[in-house]
Amino acid sequence: MKITILGCGALGQLWLSRLYQQGHDVQGWLRVPQPFCAVNVIEPGGASFNRNLPTNDPEHLAQSELLLVTLKAWQVSSAVSTLLPKLNPRCAILLLHNGMGTQDELPPNNQPILQGTTTHAARHDGSTIIHVAGGTTHIGPTSPAAQSLSHLAEVLHQALPDVAWHNNIASANWRKLAVNCVINPLTALYNCRNGDLQRYPEQIELICREVSSVMEMEGYHTSCEGLQQYVMEVIQSTADNVSSMLQDIRTQRHTEIDYITGYLLRRARSHGVTLPENARLFELIKRKENEYERIGAGLP
Ligand code: KPL
């Protein structure tokens with residue numbers, strides 16, 4: 001399959017290496033074009049992949065059957081909007097990021113669009129990508145044109161298992177949103193690893209109660225207890241992880257809070273509801289982010 005991967009960070013390089021090894025014709029797409037992408041991945045068992053892969057070939061892009069987007073949520077709309085006119089109308093776009101709401105920001109289009117979440121953990125160590133732990137990628141259609149694309153789950157599963165197909169991906173996305181609404185801001189504020197959050201059961205319950213109330217209003221059957229149990233399982237299974245938001249705060253990068261807690265608050269507002277605990281966490285993270293972004297922009 002001809003595939004372009006937009007975003008060559010840790011997750012993008014992991015997919016590039018795995019899809020290449022499966023015999024797919026892959027290229028990376030970089031915002032600032034470079035002659036190639038040096039992909040250097042170390043797998044959990046110690047095996048390594050080291051190869052320069054092609055980038056930013058417009059012909060390859062025009063012939064791609066899949067555009068796999070592994071950018072941060074806040075980078076998606078401008079990057080994908082620029083590429084939309086250059087894509088084959090049948091090229092599927094798979095958005096793989098934390099949080100929700102990026103698709104609402106894209107200009108009207110008829111591309112088959114899929115959305116997904118992943119629990120694979122990968123991080124940079126200098127110029128090397130460490131695939132810290134395997135996981136599951138859940139994907140599914142978010143536009144009518146993508147409903148017949150379940151075979152893509154099998155293609156991706158062959159490269160980087162596990163991949164699960166969901167006809168109703170929104171429901172899986174909301175469960176992941178609940179996980180991110182708890183783990184990401186709390187680890188960033190307490191400056192701790194995911195596993196340390198087991199010390200804050202009351203606060204986790206408060207966040208889950210607010211998320212489940214919005215999910216119910218959006219028409220998804222759920223319960224606070226069910227969500228809380230799921231979040232606790234993820235906290236345990238990713239106990240040693242430094243969450244992506246804590247990594248962003250530590251390295252003074254823009255966080256995905258607008259698409260995680262921010263998305264939740266926007267949906268709540270549309271139902272005329274306020275969420276005191278999530279609103280408080282949102283403000284605290286924005287304040288942290290503003291501190292270094294103001295300094296970075298040279299503002300007093
Ligand atoms: O998605 C994650 C993240 O760090 O962004 C979790 C699931 C919280 C794992 O760390």
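Order of listing sets the numbers, starting from 1, for every ligand and every atom in it. Side chains included, hydrogens not; waters and symmetry mates left out as well; all remaining heavy atoms used.
With rounding to the nearest 0.5 Å, the separation of CD in Gln22 from CG in Leu160 is 10.0 Å.
For Tyr259 and Glu105, the side-chain atoms include at least one donor-acceptor pair closer than 3.5 Å. A donor-acceptor pair shorter than 3.5 Å can be found between the side chains of His131 and Glu43.
Relative ring orientation between Tyr200 and Tyr190 is described as parallel, the plane-to-plane angle staying below 30° on a 0-90° scale split at 30° and 60°.
The protein non-hydrogen atom at the shortest distance from atom 10 (O) of ligand 1 is Asn194 ND2, 2.9 Å. In terms of protein heavy atoms, atom 6 (C) of ligand 1 is closest to Asn180 ND2, 4.1 Å. The protein heavy atom nearest to atom 4 (O) of ligand 1 is Ser244 N, 2.8 Å.
Near Ile183, the atoms of ligand 1 lying under 4.0 angstrom from a non-hydrogen atom of the residue are 8 (C). With ligand atoms numbered from 1 in the order given, ligand 1 contributes 9 (C), 10 (O) to contacts under 4.0 Å with heavy atoms of Asn241. Of all atoms in ligand 1, listed by their number and element, those nearer than 4.0 Å to a heavy atom of Ser243 are 4 (O), 10 (O).
In terms of polar-atom proximity, defined here as any N/O pair under 3.5 Å, Asn184 does make such a contact with ligand 1.
Under 4.0 angstrom from ligand 1, the non-hydrogen atoms of Lys176 all belong to its side chain.
In terms of modelled atom types and a separation under 3.5 Å, the side chain of Arg193 and the main chain of Asp240 share a donor-acceptor contact.
Because its NZ or CZ atom is both nearer than 6.0 Å to the ring centre of Tyr230 and within 45° of the ring axis, Arg175 counts as a cation-pi partner of that residue.
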